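Written out below as structure tokens is the structure these notes cover.
These numbers come from a predicted model, not from an experiment.
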Amino acid sequence: MIKRVTNEEELKKLPKHGTEAQKIRALLLSYGLKYDFCRFYAGEFRKGFAFLGELNGSFVLSEVGKCGEELAEFLAFSGFSEVFCSESAGEILSKLLKCRPQKVNIMRFEGVGVPEVLTEPPLDNVYAVLKTAFDIEYEPWYLDMSHRVRHGIAQFRMLEGSVLAIQHNINGEALLSQIATTPETRGRGNARRLISSVCAELSGSKVNVICEDRLLDFYRRCGFVHDGYACRILS
């Protein structure tokens, strides 16, 4: 049975490591358990158990063992917009849900980072860059990111027209995201320099990015190696 988490003790079995587990943990550290638009769930099954974090209908799933029909029924009933999960969970759920599965790559930094002087830009400056590369609505993005930044979970860095987010750095695992460059400064290698410098800053942690196939060559040139797959399930 899957139940809403009302006490952090109910998340004690959440795996210490893993991209999905850290995404849930970052949500918990940013929002806690007091908001109705950010919820957490836990469920035990005959062959395993699962944890979910939800923010406005977008779910992250971290599972141990095999979780199938009951989890699919829960997600269908909840009316998800997206579920981020492991490749294996994605294969199971995509057969049980009316959805569009999208396999994505997890890349791990194995290069040598080169430090540079970076700025910590205001969020409005970050958005001005991001909107040139992504279809992203200002208000929901700002509300979420300002909350994460205010609680010390997320940070942004900027270098000569390029920005990125350190989405979280938890239990020695960091995730980079929202990497973009303004049109007028593209092609100068600024994004690669920014990534390299941030990876130097995070040298004590394992640094990952999640990307589509079309960006694999770019991240390989930045010093990343392939470290497996995850899945996005879209409604």
Aromatic ring pairing W141/Y138, orientation class (parallel under 30°, perpendicular over 60°, tilted between): tilted
Least distance between heavy atoms, Q167 atom then S177 atom: OE1-OG, 2.6 Å
4.5 Å side-chain heavy-atom contact, F59 and I233: no
Separation of C222 SG from R192 CZ (nearest 0.5 Å): 5.5 Å
NZ/NE/NH1/NH2 to OD/OE distance under 4.0 Å, E116 and R193: yes
Geometric class of the Y35/Y31 ring pair [parallel <30°, tilted 30-60°, perpendicular >60°]: perpendicular
Main-chain N/O of K16 paired with N171 side-chain donor or acceptor, under 3.5 Å: yes
Student check: side-chain heavy atoms of L33 and T6 closer than 4.5 Å: no
Sidechain N-carboxylate O distance under 4.0 Å for E10, K3: no
Euclidean distance, N105 CG relative to Y229 OH, rounded to 0.5 Å: 5.5 Å
Beyond-backbone contact of F40 with L27, side-chain heavy atoms, under 4.5 angstrom: yes
For the student: nearest non-hydrogen atoms of I179 and Y219, plus distance: CD1-OH, 3.3 Å
Passing option when Y41 is tested against F74, F77, F80 for ring pair (Phe, Tyr, Trp, His ring centres under 6.0 Å): F74
Verify same cluster id: L29, L11 (apolar side-chain graph, 4.5 Å): no
S86 and E63: side chain donor to acceptor below 3.5 Å: yes
Pair D144-S30, side chain to side chain contact (heavy atoms under 4.5 Å, CB included): steps then yes or no: CA-CA 9 Å; D144 182 32; S30 297; over 6 Å; no
Enclosure of E69 CD (heavy-atom neighbours >12, cutoff 6.0 Å): no
Polar side chain donor-acceptor pair, R157 to Q155, under 3.5 angstrom: yes
T181 versus N190, side-chain donor and acceptor atoms under 3.5 Å: no
Side-chain donor or acceptor of H151 paired with backbone N/O of H147 under 3.5 Å: yes
Straight-line distance of L175 CG to I210 CD1, nearest 0.5 Å: 5.0 Å
I2/L71 under side chain to side chain contact (heavy atoms under 4.5 Å, CB included): CA gap, chis, key distance, verdict: CA-CA 8 Å; I2 300 172; L71 183 56; 3.7 Å; yes
Side chain to side chain contact (heavy atoms under 4.5 Å, CB included) between L93 and L61, worked out: CA-CA 11 Å; L93 292 173; L61 163 66; 3.8 Å; yes
Trace of the salt bridge (charged side-chain N to carboxylate O under 4.0 Å, His left out) decision for E9 with K12: CA-CA 5 Å; E9 183 69 13; K12 65 180 180 181; 3.6 Å; yes
Side-chain donor or acceptor of T132 paired with backbone N/O of P183 under 3.5 Å: no
Spacing of CG belonging to L176 relative to CG belonging to N208, to within rounding of 0.5 Å: 8.5 Å
L14 backbone acceptor or donor facing R25 side chain under 3.5 Å: yes
Min side-chain heavy-atom separation L97-V83 under 4.5 Å: no
Within-4.5 Å side-chain heavy-atom neighbours: I166 and L164: yes
Same apolar cluster (I L V M F W Y, side chains within < 4.5 Å links), F49/L52: no
Check: Y142/D124 side-chain N/O donor and acceptor closer than 3.5 Å: no
Connected via hydrophobic side-chain network under 4.5 Å: V60 and L28: yes
Side-chain heavy-atom pair V129, M158 within 4.5 angstrom cut-off: yes
Nearest non-hydrogen partners of M107 and L216, listed with the distance: SD-CD2, 3.5 Å
Interatomic distance, C85 atom SG to E91 atom CD [nearest 0.5 angstrom]: 9.5 Å
Same apolar cluster (I L V M F W Y, side chains within < 4.5 Å links), V5/F51: yes
F156 and N125: CA distance, side-chain angles, deciding distance, side chain to side chain contact (heavy atoms under 4.5 Å, CB included) verdict: CA-CA 10 Å; F156 284 91; N125 292 11; over 6 Å; no
For A174 against N169, the heavy-atom pair lying closest together: CB-OD1, 3.7 Å
Any donor-acceptor pair under 3.5 Å from E20 side chain to F84 backbone: no
Closest contact, heavy atoms only, A180 versus L130: CB-CD2, 3.9 Å
same_hphob_cluster(L202, L194) at 4.5 Å side-chain heavy-atom cutoff: yes
L55 and F37, any side-chain heavy atoms less than 4.5 Å apart: yes
Main-chain N/O of M1 paired with E70 side-chain donor or acceptor, under 3.5 Å: yes
E184 atom CD: more than 12 heavy-atom contacts under 6.0 Å: yes
Residue pair F224 / C211, side-chain heavy-atom distance below 4.5 Å: no
From SG (C199) to CD (E110), nearest 0.5 Å: 10.5 Å
P15 to A21 - nearest heavy-atom pair and separation: O-CB, 3.3 Å
Within 6.0 angstrom of E8 CD, more than 12 heavy atoms from elsewhere: no
